[in-house]
Number of protein chains: 2
Amino acid sequence: MKHEPELHAVEAGLRQRGCRWTTQRALIVRTALGTHDHFTAEDLLLRCRKADPQVSRATVYRTLQVLEQAGYVEGLETGDGGRRFEHTIGHSHHDHMVCEQCGAIEEFHDPELERRQELAAAKVGFRITRHSLRLYGLCAGCAKRRGGGGR
Amino acid sequence: MKHEPELHAVEAGLRQRGCRWTTQRALIVRTALGTHDHFTAEDLLLRCRKADPQVSRATVYRTLQVLEQAGYVEGLETGDGGRRFEHTIGHSHHDHMVCEQCGAIEEFHDPELERRQELAAAKVGFRITRHSLRLYGLCAGCAKRRGGGGR
DNA sequence: GTGCGTGCAAAATATTTGCAACGTC
DNA sequence: GACGTTGCAAATATTTTGCACGCAC
């Protein structure tokens, strides 16, 4: 089975937080791990149901809450109203560039950027637990196609 | 009346987009302008109803969509599920720190941070039109109260 | 007058909760 | 055996939509 090491890491983490490790949670986490980066609660439910049609919508929502609190899952803001998630297990933090033309989501990471954030927070005594940075605009392809010359 | 110049700017902008300028839209925009920065659709509705109890919830939602598309209003996502808005009329861009304990939203701005973003984008040929940066964690007050020492 | 915008209420979505049964520890 | 979890369905919350009427242009 795929994702065994990550799965066990989550199991250990949840247990440490005093949570129980149930068949459903294992299924949900495994499914989240194997799911394309940015999924909605409903997406996840449907995928889980392929493996076990019994899984309740409520359980998925509840588990997502637990996972988010424990830091294994992160809520994304797509801006279009839909709430989406991505798991943060086994892939380091990154930010997103969203192309408003073609919808592509590009990931990037800049440590210096993070340092500046810490700095800004420290200045006012704010303690960061997580952050979300999204750049909206045109990806390289679309920029060339549309905005390269003038327009 | 307050906010006359901004109000006219919005009016002009909407007209230019082929929209009609109605009593309700004027009321909604005026209310948004006079409202504390971060409001929900429901907040705005209630405030509008103080001036005109007739205003429909649907109209507020529809108008918010128009305003957001036109760029006069920006959707925020506080992460706690509630969708919030802030108007971008006449106040410069800033980012947000959201306290997950008490819900306070602090604004800040760091030009250097923006420069780094531009840099990261330039590196991959991405053309930024706007961005959203949110830091989540504990505000100074809550950090002191709860996490001051260790933990 | 034409057609967009509005109000109302109902519909569609999205998310949470009460409760009895169940499974983990 | 105790108690956190689950499934179900109902309750909430949030946003959208159909339709007749009214107002801006």
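All chains are named by letter (A, B, ...) in the order of the sequence lines, taking the proteins before the strands, and each is independently numbered beginning at 1.
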Discussion item. Does Gln69(B), at its CD atom, have more than 12 non-hydrogen atoms belonging to other residues, nucleotides or ligands within less than 6.0 Å?
Written reply: no
Worksheet item: When the distance from CG of Asp52(B) to P of dT6(C) is rounded to whole Å, what number comes out?
Response: 12 Å
Response to the item:
Rounded to whole Å, the CG-C1' distance (Leu44(A) to dA14(C)) equals 15 Å
Fill in: Gap between atoms CZ and P, on Arg49(B) and dG7(C) respectively (whole Å)
9 Å
Item to complete: Report the nucleotide, chosen from dT15(C), dT6(C), dT24(C), that has the shortest atom-to-atom distance to any side-chain atom of Thr22(A).
Response: dT24(C)
Item to complete: Rounded to the nearest angstrom, tell me the gap between atom CZ in Arg25(B) and atom C1' in dC23(D).
Response: 12 Å
Worksheet entry | Whole angstrom value for the distance that separates C1' of dT14(D) from CG of Leu46(B) | 14 Å
Response to the item:
Side-chain contact check for Gln24(B): nearest option of dC25(D), dG7(C), dT15(C) is dG7(C)
Practice prompt. May I ask you to evaluate whether Tyr61(A) reaches the phosphate of dT15(C), defined as a side-chain N or O under 4.0 Å from OP1 or OP2?
Written response: yes
Practice prompt. Would you kindly give the CG-to-P distance between Leu45(A) and dG7(D), to the nearest whole Å?
Written response: 10 Å
Worksheet item: In terms of side-chain heavy atoms of Ala58(A), which of dC8(C), dT17(C), dT16(D) is nearest?
Response: dT17(C)
Worksheet item: DNA chain D: Arg20(B) or Pro53(A), which has the more 5' nearest nucleotide?
Response: Pro53(A)
Worksheet item: When you check the side-chain N and O atoms of His38(B) and Asp43(B), is any donor under 3.5 Å from an acceptor?
Response: no
Discussion item. One thing to verify: whether Glu118(A) and Arg115(A) come together as a salt bridge, which I'm taking to mean a side-chain N less than 4.0 angstrom from a carboxylate O.
Written reply: no
Worksheet, complete the sentence: Rounded to whole Å, the CG-C1' distance (Asp43(B) to dA13(D)) equals 14 Å
Practice prompt. Give the rounded distance in Å between these two atoms: CG of Leu64(B) and C1' of dT6(C).
Written response: 15 Å
Worksheet item: Mapping Arg62(B) and Trp21(A) to their closest nucleotides on DNA chain C, which lands nearer the 5' end?
Response: Arg62(B)
Discussion item. For dC8(C) and Gln54(B) - does any side-chain N or O of the residue sit under 4.0 Å from the phosphate oxygens OP1/OP2?
Written reply: yes
Practice prompt. Select base, sugar-phosphate, or nothing to describe what Arg57(A) touches, counting heavy atoms under 4.0 Å on all strands.
Written response: base
Practice prompt. Could you check whether Glu42(B) gets within reach of a base, just the sugar-phosphate, or nothing at all, counting any heavy atom under 4.0 Å?
Written response: nothing
Discussion item. Can you see if the side chain of Thr59(A) gets near the phosphate of dG7(D) - specifically, an N or O under 4.0 Å from OP1 or OP2?
Written reply: yes
Discussion item. Side chains of Arg134(A) and Ser132(A) only: does a donor on one sit below 3.5 Å from an acceptor on the other?
Written reply: no
Discussion item. If you apply the rule side-chain contact (heavy atoms from CB on, under 4.5 Å), what do you find for Leu133(A) with Asp95(B), and how did you get there?
Written reply: CA-CA 10 Å; Leu133(A) 169 60; Asp95(B) 298 310; over 6 Å; no
